[in-house]
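Structure, as structure tokens:
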Amino acid sequence: MDKPDIPVITDITENTNAVVNGQISSEGKKRREVHIGEGDTPKLPIQRAQSERFIDIVPTNFDYNKLRQEYGRQPQFEEDHDRIHVGLEHNDKLEENYEEMTITDGVDDTCTAQRSTTTNTDRAEYKSLSLSHTEGGWPKEINVRDFELVDRTKKKMQKDEMYIEAVPLMAKEADYLVRYNNTLPFYNRYYTKCNKNSGRDTKPRANVVSVYRCPYRKTRPVSKITFAPEGCGRMAVSYCPYEYDPGFRDHNCEAYFWEVECPTRPEGLVRAPAQIVDIRYHPKDVHNICGALFTGQVAKWDNRVGPNPQSISKYDVSHEDVCTSAMWINSKTGYEFFSCGSDGRVIWWDERNLSERLDYTYADPLKGRSEAEHAVPITVLDYEHTLPTKFLVGSQFGQVMVFMKKGKTPLERLINMYGAHKGPVRSIHRNPVFIKNFMSCGDYHLRIFAEDCRDSGIMWTAPSDALYTYAQWLTGRPCGLVASRVDGCLEFWDLLIQGTTSMLTTKVRTRWVF
């Protein structure tokens with residue numbers, strides 16, 4: 001009877017010099033056969049008999065230790081034929097200088113430690129006083145202009161013992177200081193090779209400081225920018241197109257107030273039933289505002305009450321055409337202002353009662369005649385509060401007229417007329433220092449006139465590359481002025497330094513990206 005087939009599991013394990021059951025395989029491999037009977041479960045090959053023993057096992061692994069910070073570095077191998085790069089011999093003398101130092105860790109900062117606190121302190125009031133020392137500091141009871149009293153006081157002081165002792169001491173010290181001062185050559189050039197042009201750059205330049213964006217969704221031209229009285233830091237901007245606009249009715253009728261130091265959003269606004277052409281602050285009350293409307297009316301606002309006008313003139317007493325300008329004037333009550341329009345009239349108003357006008361006159365070019373048929377359209381109006389008896393008028397046809405405010409008859413009111421430009425006069429302004437001199441802006445020229453010279457202007461500029469839109473004197477420098485053109489350029493002039501051309505012409509960006 002044949003024996004059933006018995007499975008045999010063979011396990012061959014690589015091991016050099018391995019001894020199993022006293023037999024050594026010649027090829028370094030051991031062979032073990034396990035017979036499994038019926039019903040037995042075969043064991044895994046890795047489970048070896050307990051009788052197996054390994055003798056003289058030679059390790060086949062090698063432990064290699066390496067720091068974690070050295071991982072990832074690319075090995076750089078190079079061949080070196082046993083050469084000495086640096087050779088230092090032992091020196092016993094240097095051993096005496098060896099000293100172990102204690103290593104300490106610390107944190108240091110270049111800035112001093114500070115702490116921020118806020119406190120409410122009393123406001124400090126300062127007062128500036130001046131004293132003329134051309135004659136020395138005199139007591140208050142002595143009048144310097146009384147020469148006899150000054151002479152008696154001098155003689156009395158010269159007899160004082162303290163004065164007699166103080167003068168020689170002061171003279172000795174002053175003589176020493178003068179001699180010491182004269183030994184230093186202040187006016188010699190020590191460094192002859194230095195660059196003479198290394199000083200401050202005096203080339204004029206202008207930069208855009210702030211941009212005030214109109215919150216209205218549609219683009220509208222600015223018709224007037226008015227600054228509040230000095231020290232308030234506010235300005236008012238009105239928007240109205242000078243020419244006919246097909247979408248004129250779609251524009252809102254608002255003017256905005258801005259704080260000069262805050263260009264992000266307007267401080268307030270005023271509304272009107274028509275587009276606001278001109279807007280002006282009261283010279284003594286910032287909250288009191290007057291304006292000229294496109295319908296020929298004038299309006300008065302109080303920004304403390306609200307944006308709507310407190311009073312507005314009626315159509316039958318207002319201008320028959322566009323009201324181009326309105327300005328406050330000096331009066332006993334402080335409530336009067338006047339306006340001009342394209343109908344050729346100048347009308348005086350009282351803000352307390354705009355239903356009727358105080359007085360009016362026509363801009364008739366012929367002296368002694370004041371008729372509506374011959375009146376020329378008025379584009380600009382100028383009034384200087386330091387010269388309250390006169391005002392200037394610019395016409396659509398280029399004339400500049402000087403009127404007397406207190407004149408009763410047409411002959412007394414028109415003082416003189418100048419043929420300034422060949423187009424409409426865009427602006428007129430008196431010089432802030434020399435108030436008898438005024439400047440007009442129009443077409444391609446800027447012209448300067450003097451009331452004493454009635455024939456023509458005393459100075460004018462060469463034709464520019466584009467039409468002028470506005471010009472204004474600089475308050476800090478009487479000989480300086482700034483002008484704007486239709487091509488978006490600003491011109492800065494200094495008539496004393498360079499009267500033929502502008503000192504600086506800079507382009508203002510008309511489109512900003514936000």
Flag, side chain of [X] to backbone of [Y], donor-acceptor distance under 3.5 Å:
X	Y	value
N181	L177	no
Y212	V260	yes
H282	K284	yes
T226	I279	yes
S313	V298	yes
Y383	P388	yes
R357	V317	yes
D364	L366	yes
S223	V277	yes

Tell me whether [X] is salt-bridged to [Y], with the criterion being a basic N under 4.0 Å from an acidic carboxylate O.
X	Y	answer
R304	D302	yes
D443	K422	no
R179	D175	yes
E451	R430	yes

Note, [X] side chain near [Y] side chain (heavy atom, < 4.5 Å):
X	Y	value
R426	H421	no
V376	P365	yes
R447	V400	no
L392	F438	yes
T389	M404	yes
Q297	L354	no
Y444	L467	yes
C253	R271	no

| field | CA sep, side-chain torsions, deciding dist, call: W473, V433, side-chain contact (heavy atoms from CB on, under 4.5 Å) | value | CA-CA 10 Å; W473 292 101; V433 177; over 6 Å; no

| Please walk me through it: do W301 and I276 pass side-chain contact (heavy atoms from CB on, under 4.5 Å)? | CA-CA 12 Å; W301 296 272; I276 303 174; 4.0 Å; yes

Which heavy-atom pair separates [X] from [Y] by the least distance, and what is that distance?
X	Y	value
Y418	A450	OH-O, 3.4 Å
A292	C323	CB-SG, 3.3 Å
I312	P273	CD1-CG, 3.6 Å
H445	T461	ND1-O, 3.1 Å
V425	G394	CB-CA, 4.0 Å
E491	S464	OE2-CB, 4.3 Å

Taking [atom1] in [X] as the centre, count heavy atoms belonging to other residues, nucleotides or ligands within less than 6.0 Å. Is the count above 12?
X	atom1	value
E148	CD	no
R369	CZ	yes
E173	CD	no
R352	CZ	yes

| message | Can you tell me which residue among R413, K405, K408, R345 is in a salt bridge (Lys or Arg N to Asp or Glu O under 4.0 Å) with D359? | response |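 Exactly one candidate clears the test, R413.
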
For [X] and [Y], does a side-chain donor sit closer than 3.5 Å to a side-chain acceptor?
X	Y	result
N303	E267	no
T379	T324	no
D278	S325	yes

In Å and rounded to the nearest 0.5 Å, what is the [atom1] to [atom2] distance from [X] to [Y]?
X	Y	atom1	atom2	answer
L149	K154	CG	NZ	11.5 Å
T505	K507	OG1	NZ	11.5 Å
D316	E356	CG	CD	11.0 Å
L446	Y468	CG	OH	4.5 Å
C453	N416	SG	CG	9.5 Å
C290	E351	SG	CD	8.5 Å

| D487/R485 under salt bridge (charged side-chain N to carboxylate O under 4.0 Å, His left out): CA gap, chis, key distance, verdict | CA-CA 5 Å; D487 58 351; R485 304 188 315 200; 2.9 Å; yes

| Pick from V237, V270, V286: which one makes a side chain to side chain contact (heavy atoms under 4.5 Å, CB included) with F257? |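 Among the candidates, only V270 passes.
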
| request: Give the intermediate values and the outcome of side-chain contact (heavy atoms from CB on, under 4.5 Å) for residues L490 and F492. | output: CA-CA 7 Å; L490 279 177; F492 296 88; 4.1 Å; yes

Contacts under 3.5 angstrom, residues 327-340 side chains, donor-acceptor by atom type, not counting sequence neighbours:
{"unit_1": "N330", "atom_1": "OD1", "unit_2": "H385", "atom_2": "ND1", "d": "2.9"}
{"unit_1": "N330", "atom_1": "ND2", "unit_2": "H385", "atom_2": "O", "d": "2.8"}
{"unit_1": "S331", "atom_1": "OG", "unit_2": "G334", "atom_2": "N", "d": "3.0"}
{"unit_1": "T333", "atom_1": "OG1", "unit_2": "Y335", "atom_2": "N", "d": "3.4"}
{"unit_1": "S339", "atom_1": "OG", "unit_2": "H319", "atom_2": "NE2", "d": "2.9"}
{"unit_1": "S339", "atom_1": "OG", "unit_2": "W349", "atom_2": "NE1", "d": "2.9"}

| Given I225 and W258, is the side-chain contact (heavy atoms from CB on, under 4.5 Å) satisfied, shown in steps? | CA-CA 10 Å; I225 301 176; W258 298 84; over 6 Å; no

| query | So Y360 and Y362, would you call those rings parallel, tilted or perpendicular, with 30° and 60° as cut-offs? | reply |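 Perpendicular, since the angle between the ring planes exceeds 60°.
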
